[in-house]
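Just so it is clear, the values below take in all heavy atoms, side chains as well, and ignore hydrogens, waters and symmetry mates. Numbered from 1 within each chain, the chains take letters A, B, ... in sequence-line order.
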2 protein chains.
Amino acid sequence: MSTNLKQLAAALNLSTSTVSRALHDSHEISTETKIRVRALAEQMGYQANPYASSLRKQKSKTIALVIPEIDNNFFTHAINGIEEIAQKKAYHVLIYLTHEDLQKELAVAKHLQSGRVDGILMSVTSQTSNVEHLDKLHQQGIPLVFFDRVAETIDTAKITTNDYESGYQATQHLIEAECTKIAYLQVSETLSISQKRLSGFRTALQDNGITPLDDYMITCGHSATENFEMIKKLMSSSNPPDGIFASVEKLAVTTYYVCDALGIKIPEEVKIISFSNLATAPLLAPSLSTITQPAFEIGKKAAEVLFDIIEQKNLEDAKAVTILNSVLTERNSTKKPVISDRL
Amino acid sequence: MSTNLKQLAAALNLSTSTVSRALHDSHEISTETKIRVRALAEQMGYQANPYASSLRKQKSKTIALVIPEIDNNFFTHAINGIEEIAQKKAYHVLIYLTHEDLQKELAVAKHLQSGRVDGILMSVTSQTSNVEHLDKLHQQGIPLVFFDRVAETIDTAKITTNDYESGYQATQHLIEAECTKIAYLQVSETLSISQKRLSGFRTALQDNGITPLDDYMITCGHSATENFEMIKKLMSSSNPPDGIFASVEKLAVTTYYVCDALGIKIPEEVKIISFSNLATAPLLAPSLSTITQPAFEIGKKAAEVLFDIIEQKNLEDAKAVTILNSVLTERNSTKKPVISDRL
DNA sequence: CTGTTAGCGCCTTCAG
DNA sequence: CTGAAGGCGCTAACAG
């Protein structure tokens with residue numbers, strides 16, 4: 001058991017209130033006692049019991065981060081940004097993985113009604129369409145910020161990227177590379193970012209007078225092996241696509257595997273563009289054009305906005321939709337990728 | 001403000017203790033009241049205040065995960081394992097990133113003396129040599145489990161991989177591929193895993209009658225651009241290596257960038273083997289042989305052992321060193337990589 | 001089976 | 001400038 005206020009106070013011949021105030025640098029405590037108190041506190045390794053403080057102050061100095069998966073460079077980089085801001089604010093970060101499972105998201109949401117955290121950063125599951133559980137949190141007044149995968153109907157802050165435009169650009173990129181039979185790979189039909197990317201894709205096709213083929217719309221699941229089979233079927237059909245738009249990094253990778261297995265040459269026989277935050281992609285797969293979301297910045301921004309809401313500063317933030325721009329990087333054999341310290 | 005016990009009790013015409021007991025399914029409460037209580041609790045969305053419970057019970061149902069970086073597939077996969085176990089145990093996970101910075105590790109360690117968590121899972125910084133701060137935590141009786149990057153001198157549970165053997169095998173692999181001038185790339189000299197990997201490397205060279213060259217020992221830092229320059233200098237020297245052992249994935253990637261920049265062909269002019277948990281490595285970089293640590297399993301095991309210590313079960317676990325085996329995957333153009341759902 | 005009481009450790013009025 | 005007292009919400013010992 002670690003030392004508590006009472007013990008410290010006793011050792012100093014002071015009351016707990018004085019000690020507490022001294023440690024909080026209250027102006028109504030003499031410099032002398034402050035020094036005395038702090039010296040002993042330091043020496044005894046005193047750390048205030050966070051649960052007692054939280055109970056008393058009704059503030060936990062903790063935020064929750066709820067994401068669908070962690071084995072994904074977008075989220076990994078976002079966490080870096082979030083953690084940077086949280087650390088600066090001396091907040092703690094509880095991490096919850098929903099594994100793209102709505103049931104888990106429901107459980108987490110329910111739990112978070114307890115007041116365990118002062119705010120929530122969230123990217124929803126690909127299954128999430130009904131958002132009652134999230135609305136309830138919001139109604140309850142818990143600061144809530146969505147990033148990337150947002151619940152559109154909930155009237156709170158959202159940080160996203162320009163998914164429609166990126167989807168359009170990516171498609172345009174393939175068209176300019178002379179693809180005419182372009183397949184679209186996605187993992188969800190309900191996520192708003194999926195819809196926006198897809199919408200950009202569709203409009204770009206339309207603007208170029210290309211009619212989308214139903215057979216070229218592939219909605220994958222979360223099993224790598226099943227996805228492999230779905231894409232394999234696509235690529236080995238009698239009329240295979242000559243361009244692939246992977247709306248998610250992992251599907252681009254799976255496509256690579258499929259092409260490798262079928263002996264299809266990339267980019268000679270099929271060109272690929274993908275949303276991706278894989279830092280190594282440009283070099284390791286020089287034929288992969290990518291759309292990179294500014295994940296680190298999104299994380300930072302999301303955390304900043306959340307803290308604004310928590311601290312009731314910049315109140316307009318509470319309902320703002322912030323859109324950061326993704327970067328399209330075109331790959332070919334002449335352009336060399338550049339190494340950098342941060343994505 | 002969410003509903004609390006008192007309100008619930010008032011609404012039910014019961015005492016708080018009865019309600020509390022009912023919710024905890026105490027055997028000394030009639031089935032009837034239990035049902036009544038639960039019904040209303042459910043309806044009112046009652047969630048016990050975790051800070052009050054924690055204060056009262058002196059248990060937080062929370063563990064801390066302290067890692068040096070998250071932008072690293074090993075840790076990413078480990079988190080998946082850890083989270084799986086934590087979820088099963090209904091524990092919460094606080095995540096702390098030290099960014100390879102000893103100062104941050106010190107700050108976190110100090111904070112964790114507060115009793116905020118019931119146990120700690122930790123992988124130390126590459127700078128960590130003095131471990132007083134960690135020893136203090138351990139002395140204080142906080143359950144502590146190290147994984148991968150362990151503090152050897154602290155007498156608590158550790159989960160690692162067979163780093164010496166892997167280092168040996170990796171080197172042997174290069175030698176069998178007819179490399180004679182093998183460089184070793186590392187990020188730290190102090191980490192015990194670094195030392196073990198290096199030791200395996202050295203012994204393998206020795207066993208094959210190869211004298212290690214000082215110029216082939218590169219200790220990199222954390223700046224991608226600086227590392228790039230160091231490796232570039234190595235590769236463009238008058239006597240460049242014909243084999244590279246990257247003890248860390250990111251250095252293998254940097255080496256790829258360097259070779260790309262210098263026009264050095266892999267694997268014709270230089271062969272590379274690397275510790276790596278990059279799922280896509282085998283396909284995207286078919287010339288990269290890898291040593292893959294069972295990160296997911298390590299995470300699971302570490303969490304399991306931590307919970308054993310917390311629950312005082314399998315007491316021998318508290319000091320056990322568990323060693324899981326890494327897998328060496330040899331790459332060449334004839335062997336096809338396999339896709340799988342989990343690393 | 002249910003209620004009363006006390007206290008976890010801290011912060012914060014209110015008093016001096 | 002410092003101390004005493006009360007209570008945040010919950011649980012557990014002690015009554016009945």
Integer-rounded Å distance: [N] [atom2] and [X] [atom1]:
{"X": "A/Gln58", "N": "C/dC10", "atom1": "CD", "atom2": "P", "value": "16 Å"}
{"X": "A/Leu14", "N": "D/dT2", "atom1": "CG", "atom2": "C1'", "value": "8 Å"}
{"X": "B/Leu5", "N": "C/dC8", "atom1": "CG", "atom2": "P", "value": "19 Å"}

Are the charged groups of B/Glu100 and B/Arg149 less than 4.0 angstrom apart, N to O?
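The answer is yes: the pair qualifies as a salt bridge.
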Looking at B/Asp317 and B/Lys301, is there a salt bridge between them, counting it only when a charged N and a carboxylate O are closer than 4.0 Å?
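Result for this pair is no, no salt bridge flagged.
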Mind checking salt bridge (Lys or Arg N to Asp or Glu O under 4.0 Å) for B/Glu311 and listing every partner two or more places apart, or none if nothing turns up?
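By the salt bridge (Lys or Arg N to Asp or Glu O under 4.0 Å) rule, B/Glu311 matches B/Lys89, B/Lys313.
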Only counting residues at least two apart or in another chain, list the ones meeting side chain to side chain donor-acceptor pair (under 3.5 Å) with B/Lys6.
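B/Lys6 satisfies side chain to side chain donor-acceptor pair (under 3.5 Å) with no other residue.
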In residues 17-36 of chain B, which residues come under 4.0 Å of DNA chain D by heavy atom?
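Residues of residues 17-36 of chain B that come under 4.0 Å of DNA chain D are, in numerical order, B/Ser17, B/Ser20, B/Arg21, B/His24.
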Just to be sure I understand the rule, does B/Leu55 reach a base, reach only the sugar-phosphate, or reach nothing, if contact means heavy atoms closer than 4.0 Å?
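Base, at least one base heavy atom under 4.0 Å.
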Distance, nearest 0.5 Å, that separates CE of B/Met122 from OG1 of B/Thr98:
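Separation between the atoms: 7.0 Å.
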Listed by chain and number, what are the side-chain contact (heavy atoms from CB on, under 4.5 Å) partners of B/Gln47, not counting sequence neighbours?
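Testing B/Gln47 for side-chain contact (heavy atoms from CB on, under 4.5 Å), a comparison that skips the adjacent residues, returns A/Lys110, A/His111, A/Gln113, A/Ser114.
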Name all residues meeting the side-chain contact (heavy atoms from CB on, under 4.5 Å) criterion together with A/Lys319; count only those two or more places apart in sequence or in a different chain, and write none if there are none.
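Scan of A/Lys319 (side-chain contact (heavy atoms from CB on, under 4.5 Å), adjacent residues dropped) gives A/Asp155.
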Using a 4.0 Å cut-off on heavy atoms, which residues in residues 40-54 of chain A reach DNA chain C? List them by number, or say none.
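Close to the strand are A/Tyr46, A/Ala48, A/Asn49, A/Ala52, A/Ser53.
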